[in-house]
J.: 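I am attaching a structure below and will ask some questions about it afterwards.
Both backbone and side-chain heavy atoms feed into the values below; hydrogens, waters and symmetry mates do not. A note on names: the letters A, B, ... follow the listed sequences, proteins ahead of strands, and every chain is numbered from 1. A quick note: this is a predicted structure, and the numbers were derived from the prediction, not measured.
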Protein chains: 2
Amino acid sequence: MSDTSHRRERQRERTLTEIKDFARAQLVASGPASISLRAIARDMGMTAAALYRYVPALDALVIELCTDLHNEVRIACEAARDADPDTDPVRQLLVMARELRRWALAHRPEATLIFGPPLPGVEQFHQQCEDLQCAGAQFGQIFVQPMLELWQAGRLPAVPHVDLDRLAGALPAHGELPIEVTAVFLTSWTRLYGILAAELFGQLSWAATDTEPLFEAELASFAAQIPATATPASRRNS
Amino acid sequence: MSDTSHRRERQRERTLTEIKDFARAQLVASGPASISLRAIARDMGMTAAALYRYVPALDALVIELCTDLHNEVRIACEAARDADPDTDPVRQLLVMARELRRWALAHRPEATLIFGPPLPGVEQFHQQCEDLQCAGAQFGQIFVQPMLELWQAGRLPAVPHVDLDRLAGALPAHGELPIEVTAVFLTSWTRLYGILAAELFGQLSWAATDTEPLFEAELASFAAQIPATATPASRRNS
DNA sequence: CGCGAAAGTAAACACCGTTCACTCAAATGA
DNA sequence: TCATTTGAGTGAACGGTGTTTACTTTCGCG
């Protein structure tokens, strides 16, 4: 009984992943704006209307795609991190950042979808990212975590020039993170994101064709702020 | 004779700017992806086919819009710069950067169009930016210029960690700029762009609602690298 | 085997970009 | 002044899109 009813469910799930596979193929082939239900249905040998048995609307499909891609890039970064024997948080951050860049440049349309401006109807995705369980937040978390470890080890330097009081007033509700960690995370993240997004979106095509020196310099300047071992005076937790 | 023919031309130009005005109104109202020739024609009380007398295709119209917007934000930054009596290049850079952020946040859809990933069919815009006369390059130029002045005054510090040789190999043909200036410009620009783009595209909505502290910190850390007066040892030109 | 739910279809609606043949008015030249 | 050329604008059409509706077919379950 449950076997047979499961058969239906499995069939349903297979069709849904097939839909997402074709959607991704279109994303890769023609960019985020060209994902079309009718084309997916055509590729699958079905009618567009049939897809509405599986997906409430195109927007929802794209949002699911965003979720999958966030998970994919997170898992790729985690794998790169775990493949490195060095467990130093700084080292882990560098390895993950490089893997993020590698993934993004190897999957430009996908990266453009998740790191670019939300398509109309997909703005909702970033909103729901305030939920820590959502894929976007979990992706961010793998970069937050090592920074938290650095802070606990007393190795996180105060970020210069950041108005911590004002920043603290601009955080969402779930902010159980120390404000110093938030500050260093945000400044580091936006720097990485800047190089990546600028290259992804072609904003640097007039100025440089290879941004790896810039990327590596940013990583180096990040690592340089952090002492290899804890400064005794700034040690905080165990 | 030339009067009358000019009358036609002026009429034609008025219609064209009217088209662009309505296009921008749509951009502001519904985002970059929602600019539609049919809707523009509807708003103007015309047929969509008539617009093809003025614009070869939708893509071309959007590209023209990008050009206009680049000019607009450039002029806004120049105005802010010139309104400040301080002629110190560092001060000018800070003023222009703040104006850039102000403009972008006050014109989010427009900023998303020109700073986000190119719409399908508009990739061409960034390519043509290798031409220094194009609007995109001229916009970049107003930030390059003060940095060049700093370099000429011997106040530009070597950017740490950047592999200048490799970067030099990744520059387009028109690079008559000193490589040190290029390096400091690109690292500073991508940092600014990162904060701006992250906020524009909602990438930080889960982490912070107000990025001004981050932006100001980035400006401060840029200014901090640059000596107020020339280091005698590093002075280069007049 | 028959029933009922799920899957899929066809047609329609309202959009979209783009093209083509056509009309109409206005500027031009003789 | 009158005929002609040129340009603006129209209407219909083609193929594309998301989405809804009513209908049919398929298939697992009792």
J.: Is any side-chain N of the basic residue among B:E218 and A:R191 closer than 4.0 Å to the acidic one's carboxylate O?
T.: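 Salt bridge: yes.
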J.: Are B:T47 and B:R38 close enough that a side-chain donor and a side-chain acceptor fall under 3.5 Å?
T.: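 No, because no side-chain N or O of B:T47 sits under 3.5 Å from a partner of the opposite role on B:R38.
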J.: Output the rounded distance in Å from CZ (A:R10) to C1' (D:dG28).
T.: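 Interatomic distance, CZ of A:R10 to C1' of D:dG28: 13 Å.
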J.: Indicate yes or no: does B:R12 engage B:E9 in a salt bridge with an N to O separation below 4.0 Å.
T.: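 So B:R12 does not pair with B:E9 through a salt bridge.
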J.: Taking CG from A:L119 and C1' from D:dG18, how many angstroms apart are they, rounded to a whole number?
T.: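 One finds 14 Å between C1' of D:dG18 and CG of A:L119, rounded.
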J.: Hey, does A:D163 have a side-chain heavy atom less than 4.5 Å from the side chain of A:L167?
T.: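 Sidechains of A:D163 and A:L167: no contact.
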J.: For DNA chain D, which residues in residues 48-56 of chain B have a heavy atom at a distance below 4.0 Å?
T.: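 Those residues whose heavy atoms fall under 4.0 Å from DNA chain D, taken from residues 48-56 of chain B in numerical order, are B:A49, B:A50, B:R53, B:Y54.
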J.: Ring-plane angle category for A:H70 and A:F115, please: parallel below 30°, perpendicular beyond 60°, tilted otherwise.
T.: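 Perpendicular: the ring planes of A:H70 and A:F115 meet at over 60°.
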J.: Using the side-chain hydrogen bond (donor to acceptor under 3.5 Å, both in side chains) rule, collect all pairs that involve residues 104-120 of chain B, keeping only residues at least two apart or in two chains.
T.: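 The answer is B:R24-B:E110.
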J.: If you take any heavy atom closer than 4.0 Å to DNA chain C, which residues from residues 25-38 of chain B end up in contact?
T.: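 Nucleic-acid contacts, sorted: B:I35, B:S36, B:L37, B:R38.
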J.: Taking OP1 and OP2 of C:dA7, is either one under 4.0 Å from a side-chain nitrogen or oxygen of A:R12?
T.: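 Yes, such a contact exists.
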J.: Could you check whether any side-chain heavy atom of B:T15 comes within less than 4.5 Å of a side-chain heavy atom of B:Q11, counting everything from C-beta outward?
T.: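 Yes, at least one pair of side-chain atoms sits under 4.5 Å.
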J.: Round to the nearest Å and state the distance from B:M44 atom CE to D:dT10 atom C1'.
T.: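 Distance check: B:M44 CE to D:dT10 C1' gives 15 Å.
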J.: Do B:T211 and B:R101 pair up side chain to side chain, a donor and an acceptor below 3.5 Å, judged on atom types alone?
T.: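 Yes, because at least one side-chain N or O of B:T211 sits under 3.5 Å from a partner of the opposite role on B:R101.
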J.: Can you tell me the distance, in whole Å, between the CG atom of B:L61 and the P atom of C:dG17?
T.: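 After rounding, the gap between these two atoms is 10 Å.
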J.: Does D:dG15 have OP1 or OP2 under 4.0 Å away from a side-chain N or O of A:R42?
T.: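 Looking at the OP1 and OP2 atoms of D:dG15, neither is under 4.0 Å from any side-chain N or O of A:R42.
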J.: Return the value, rounded to whole Å, for the distance between atom CD of B:Q11 and atom P of C:dA27.
T.: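 Distance, rounded to whole Å: 10 Å.
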J.: Roughly, in whole Å, what's the span from CD1 in B:I40 to P in D:dG9?
T.: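 The distance from CD1 of B:I40 to P of D:dG9 comes to 15 Å, rounded to the nearest Å.
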J.: Can you measure B:E18 atom CD to D:dA8 atom C1' for me and round it to whole angstrom units?
T.: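 Those two atoms, CD and C1', are 14 Å apart.
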J.: Please report, rounded to the nearest Å, how far the C1' atom of D:dT24 is from the CE atom of A:M46.
T.: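 The answer, rounded to whole Å, is 15 Å.
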J.: Please work out whether the ring planes of A:F143 and A:W189 are parallel, tilted or perpendicular, with thresholds of 30° and 60°.
T.: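 Rings of A:F143 and A:W189: tilted, 30 to 60°.
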